[in-house]
Amino acid sequence: MNRDARIFVAGSDTLYGHALVDLLRAEGFTNLVGAGADEPNPTRPAAVESFFAATKPEVVFLCAGKSGGIGLNRSRPVELMRDNLLTTTTVLDAAHRYGVTKLLYLASSCAYPKHAPQPLAVESLGTGPMEPTSEAYSTAKFAGWKLCEAYRREYGCRFITGFPANAFGPNDDFSADGGHVIPALIRRAHDAKKQNAPELVVWGSGTPRREFVYSRDLARACLFVAEHYEGQEPINLGGGTDVSIADVARAVTDVVGFRGQLRFDATQPDGAPLKALNSTPLLEMGWRPETEFRAALAETYAWFLRHHTTEIS
Ligand code: GFB
């Protein structure tokens with residue numbers, strides 16, 4: 001991509017979006033439209049229309065859309081589904097009408113069937129029921145993929161769908177109840193350390209496994225796909241680290257410096273027993289992750305300390 005291409009990262013305030021904007025700037029892309037305060041509310045068609053008319057982006061990374069961990073998906077399915085459906089339909093419609101040359105839509109690994117063969121391959125999409133705890137949100141992300149396909153089929157739009165592994169990193173939602181597992185455990189382990197608590201509660205059995213990818217590596221994968229992928233199939237954005245929740249909790253408490261006990265709370269849901277992606281197509285194109293898991297956790301905690309330790313959780 002030309003370094004002066006007009007690029008719009010929709011959702012520049014999200015975990016993915018922040019990492020992408022930082023990467024694009026570091027890679028010398030000088031024409032990022034709408035980053036930060038100038039970004040329109042993606043659920044407001046009039047605001048998105050005016051923005052596209054004024055900036056005419058050539059490339060769009062669609063990272064916008066509220067997301068959260070298993071706790072938020074159980075407590076606020078309406079907001080998660082409605083926000084993502086509105087965001088995706090609004091931004092894709094404007095991207096089509098203003099002739100965006102290439103768009104990468106970030107779906108989610110939870111859109112895969114709960115019991116699909118692992119590691120998850122795109123051929124499994126739509127072959128079985130999704131994990132119930134995040135079904136509303138997952139259905140919205142699945143619909144976003146299908147809408148990208150429809151625009152490609154009807155109008156020839158180069159709208160690509162990427163399915164990321166579970167991502168973590170700076171600028172995430174670190175709330176104890178709403179965040180994904182890594183930021184939520186960082187928050188709670190940090191608070192437990194400050195309060196000299198004897199134990200840290202970990203939701204579920206600790207046995208589920210997840211593939212985690214650092215947000216900076218995910219951003220690199222998104223840029224790589226935008227520059228090199230011309231396929232019509234969706235593409236998994238993984239290449240991350242496969243680890244059990246129990247081992248994640250041990251790694252987080254080690255990085256945070258919490259020395260108490262872990263207690264696994266079986267009254268909380270485990271969600272999908274396993275989520276790991278088959279990212280062979282991406283890896284065969286030559287993309288590789290760069291950040292080791294523990295180093296990524298340490299960078300994430302360092303960011304948290306710089307930005308969050310004044311709040312009361
Ligand atoms: O990251 P997480 O909320 O999302 O949960 P999913 C992963 C696993 O971590 C589950 C366990 O087995 C949780 O029970 N866990 C342990 C915790 N302690 C905690 C904690 O303090 N907070 C949280 N959140 N989990 C998400 C979907 O599923 O995957 C989203 O809900 C999104 O919609 C995301 O798609 C990629 O990986 O289970």
Side-chain angles (χ1 to χ4, degrees), residues 14-16 63 65-85 106-114 118 120 125 130-145 161-169 172-192 197 199-215 218 236-238 240-253 256 258 262-277 297 300 313:
T14 65
L15 167 69
Y16 302 167
C63 308
K66 184 151 184 68
S67 75
I70 199 164
L72 194 72
N73 274 273
R74 292 180 81 200
S75 61
R76 289 162 54 189
V78 169
E79 179 187 354
L80 286 169
M81 185 169 193
R82 186 192 62 226
D83 179 276
N84 280 279
L85 287 174
L106 275 296
S108 172
S109 62
C110 67
Y112 276 94
K114 176 168 187 172
Q118 301 276 349
L120 299 166
L125 285 162
M130 299 170 192
E131 159 59 37
T133 51
S134 59
E135 192 177 32
Y137 171 80
S138 309
T139 303
K141 299 306 268 186
F142 186 96
W145 162 46
T161 300
F163 284 85
N166 283 45
F168 69 97
D172 203 347
D173 170 4
F174 284 83
S175 60
D177 293 331
H180 287 100
V181 58
I182 286 179
L185 283 180
I186 284 174
R187 151 79 69 189
R188 296 201 282 109
H190 175 81
D191 290 350
E199 66 176 22
L200 172 72
V201 172
V202 180
W203 294 355
S205 65
T207 59
R209 301 186 69 84
R210 295 290 184 271
E211 177 186 346
F212 291 103
V213 66
Y214 191 40
S215 56
L218 176 59
N236 283 335
L237 304 174
T241 306
D242 175 17
V243 59
S244 76
I245 296 306
D247 285 343
V248 165
R250 291 184 191 104
V252 165
T253 52
V256 168
F258 172 71
L262 297 181
R263 179 165 65 82
F264 293 92
D265 175 3
T267 66
Q268 293 287 350
D270 271 342
L274 167 59
K275 272 196 298 184
L277 297 177
L297 278 182
T300 305
S313 62

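Hydrogens, waters and symmetry mates play no part in the numbers below; they use all other heavy atoms, side chains included. Both counts, for ligands and for their atoms, begin at 1 and track the order of listing.
The distance from atom CG of L200 to atom CZ of F258, rounded to the nearest 0.5 Å, is 5.5 Å.
Neither the backbone nor the side chain of K141 has any atom closer than 4.0 Å to an atom of ligand 1 (non-hydrogen atoms only). With a 4.0 Å heavy-atom cut-off, ligand 1 is reached by the backbone of V181 and by its side chain too. Only side-chain heavy atoms of K275 come within less than 4.0 Å of ligand 1; its backbone N, CA, C and O stay farther off. Contact annotation: for W203 versus ligand 1, heavy atoms closer than 4.0 Å belong to both the backbone and the side chain. Proximity of N73 to ligand 1, defined as any heavy-atom pair under 4.0 Å, is confined to the side chain (atoms from C-beta onward). Neither the backbone nor the side chain of A167 has any atom closer than 4.0 Å to an atom of ligand 1 (non-hydrogen atoms only).
Atoms of ligand 1 found under 4.0 Å from any heavy atom of G69 (numbered from 1 in listed order, with element): 3 (O), 31 (O). Near S108, with a cut-off below 4.0 Å to any heavy atom, the atoms of ligand 1 are 32 (C), 35 (O), 36 (C). Atom numbering of ligand 1 starts at 1 in the shown order; those under 4.0 Å from a heavy atom of C110 are 33 (O), 35 (O).
With atom 24 (N) of ligand 1 as the reference point, the heavy atom nearest to it among A184, G179, G71 is part of G179. For atom 13 (C) of ligand 1, the choice among P269, A266, G206 with the nearest heavy atom turns out to be P269.
Between S134 and ligand 1, not a single N/O pair is under 3.5 Å apart. Residue-to-ligand polar distances place N166 within reach of ligand 1: an N/O pair is separated by less than 3.5 Å.
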Evaluate R82 against L85 for side chain to side chain contact (heavy atoms under 4.5 Å, CB included), listing each step before the verdict. CA-CA 5 Å; R82 186 192 62 226; L85 287 174; 6.0 Å; no
Trace of the side-chain hydrogen bond (donor to acceptor under 3.5 Å, both in side chains) decision for Y16 with D172: CA-CA 9 Å; Y16 302 167; D172 203 347; over 6 Å; no
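Atom 38 (O) of ligand 1 has as its closest protein heavy atom R210 NH2, 2.9 Å. Looking only at protein heavy atoms, the nearest one to atom 8 (C) of ligand 1 is I245 CD1, 3.6 Å. Counting only heavy atoms of the protein, atom 3 (O) of ligand 1 lies nearest to I70 N, 2.7 Å. Ranking protein heavy atoms by distance to atom 30 (C) of ligand 1, first place goes to G68 O, 3.3 Å. When hydrogens are left out, the protein atom nearest atom 21 (O) of ligand 1 is R188 NH2, 2.4 Å; that is the closest non-hydrogen contact. For atom 12 (O) of ligand 1, the closest non-hydrogen atom of the protein is D270 O, 2.5 Å. Among protein heavy atoms, atom 34 (C) of ligand 1 sits closest to H180 NE2, 3.3 Å.
Within a 6.0 Å sphere centred on CZ of R209, heavy atoms belonging to other residues, nucleotides or ligands number more than 12.
Between Y214 and F168, the angle of the ring planes lies from 30° to 60°, which puts this pair in the tilted group.
Remark: distances from the non-hydrogen atoms of A249 to ligand 1 are all 4.0 Å or more. For A272, the closest heavy-atom approach to ligand 1 does not fall below 4.0 Å.
Side-chain contact between T139 and M81 is present, with at least one heavy-atom pair separated by less than 4.5 Å. Side-chain contact check for F163 versus L237: every heavy-atom pair is 4.5 Å or farther apart. In this structure, the side chains of Y137 and P77 stay at 4.5 Å or more apart for every pair of heavy atoms. Contact check for R210 versus I245: side-chain heavy atoms found under the 4.5 Å cut-off. Side-chain contact between L185 and W203 is absent, with no heavy-atom pair separated by less than 4.5 Å. Here the side chains of E131 and Y112 are not in contact, with every heavy-atom distance at 4.5 Å or above. Proximity of V213 to N166: side-chain heavy atoms (C-beta onward) are nowhere separated by under 4.5 Å. A 4.5 Å side-chain heavy-atom check between S67 and H180 finds at least one atom pair inside the cut-off.
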